[in-house]
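Worksheet for the structure shown next.
Proteins get letters first, then strands, A, B, ... in listed order; numbering begins at 1 in each.
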There are 2 protein chains.
Amino acid sequence: MARKTGSHSDITGPRIRAEAQRLFARHGFAAVSMRQIAAAVGVQAGALYLYTPDKEALLFDLLNSHMEELLAAWATEPRGVGPREGLEIFVRFHIRFNLTRAEAVFLSYMELRNLNPENFAVIEGLRKRYETELEALLKAGQEANAFLVPDTKLATMAIIAMLTGVNTWFREGGRLSRETVETIYWDMVRKAVGA
Amino acid sequence: MARKTGSHSDITGPRIRAEAQRLFARHGFAAVSMRQIAAAVGVQAGALYLYTPDKEALLFDLLNSHMEELLAAWATEPRGVGPREGLEIFVRFHIRFNLTRAEAVFLSYMELRNLNPENFAVIEGLRKRYETELEALLKAGQEANAFLVPDTKLATMAIIAMLTGVNTWFREGGRLSRETVETIYWDMVRKAVGA
DNA sequence: GTCTATAATCTGATAGAC
DNA sequence: GTCTATCAGATTATAGAC
């Protein structure tokens, strides 16, 4: 069962992504050097290029994985029995999922500008798909007369911005539990859409 | 009226700040070099150091000015005759002011991490002061039984995140005018706080 | 007030030994 | 798969001429 000397490809790849995410989120993509990432992983800078063609591809991989995981996780959430329950599930899901991926969420909002146009379009497409999921819920509720929403597009953007904002101030062990925060935000969203 | 050769201190200072803001917002603080800023202004890199001790002080100056101007502008807004009108004035003010300073708003949210701890604390203090203005409005409305807000701190964060989010998608000349957007957002905020 | 020149260091990425 | 060494160029900031 002896391993070949210095061969850790199964573990080094994920470690590079983890350390890159941590460093990019903390200092910003441009401020972090390949050498810093390598040092955090415990390899030399040259070794990184076995796992990524360049620095930008590393960033794209992080953003792309995050968005794919977000959509996949949402797909496994239960559908509500009506518009109101469906929206509550979305609100709670968004807060909960984003809080467990704070670094990735931060990167996805802050470092998009460091992607080339093709990669940027991919991430924007995935983000749009997620927004459309919420907008569909709002439209359905509006048509069923369960909600009173003057503009579903604006309501979509308003709700997502409001929910994502939790990431900027929430701290585990603070005044309120995550569950309580979810409930209070759901109360505000529910009233805002007239449900 | 002849000027001394190459003397433009009255105009170069503001130009440096304007170009730095534009470049930092577009590419990120770390990704922009002092040479790029100098080139955009039309001077050599060395000349920048007559106006700023270093790159970080330039960023701090931009963030600090923005926050001071935000607070000063809010201070000149009319007070509403009641909690409801007061909140509407805040909602419209926040959207309107932030849309006219999109680059500065973006920087204030994205580049805080590039400040040293002292400068960071200054900006955080100013931001907190602004948040407290909104929270006071919500508390007053709650006590007057004009609003029904389960948690004024969370409502403050939720409303600010929601309103600031307009900056990420609003484009002049798009589907809706700024006035219309203000009105729709005010409708959502009003309902969310039970007014 | 602006310029040129420069110091000292760091950058992303590659080549080739092991 | 990882290392060392290296390339070619960029970085912030300063010194001193004009």
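- At whole-Å resolution of the value, CD in B/Q44 and C1' in D/dA13 are 15 Å apart.
- The neighbour count for B/K191 NZ, taken as heavy atoms of other residues, nucleotides or ligands under 6.0 Å away, is above 12.
- The pair A/E143-A/K139 does not count as a salt bridge, with every side-chain nitrogen at least 4.0 angstrom from each carboxylate oxygen.
- The CD1 atom of B/I16 sits 15 Å away from the C1' atom of D/dA13 (whole-angstrom rounding).
- Cation-pi contact between A/R127 and B/W169: absent, since separation from the ring centre below 6.0 Å together with deviation from the ring axis within 45° is not met.
- Under 4.0 Å is where a charged nitrogen must lie from a carboxylate oxygen, and between A/E124 and A/R129 no such pair does.
- The CG-C1' distance, from B/L48 to C/dT4, rounds to 15 Å in whole Å.
- Contact annotation: B/T12 reaches the phosphate of C/dT2 (side-chain N/O to OP1 or OP2, under 4.0 Å).
- The shortest distance between side-chain heavy atoms of A/F90 and A/L163 falls below 4.5 Å.
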* To do: Assign a letter to each nucleotide of nucleotides 11-18 of chain C from its 5' end: B, base within under 4.0 Å of a protein heavy atom; S, sugar-phosphate only; -, no contact.
  => BBBB----
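- Here D/dC3 is the nucleotide among C/dC3, D/dC3, C/dG1 with the atom lying nearest to any side-chain atom of A/A47.
- The pair B/R96-B/E179 fails the salt-bridge criterion, with no side-chain N (NZ, NE, NH1 or NH2) lying under 4.0 Å from an Asp/Glu carboxylate O.
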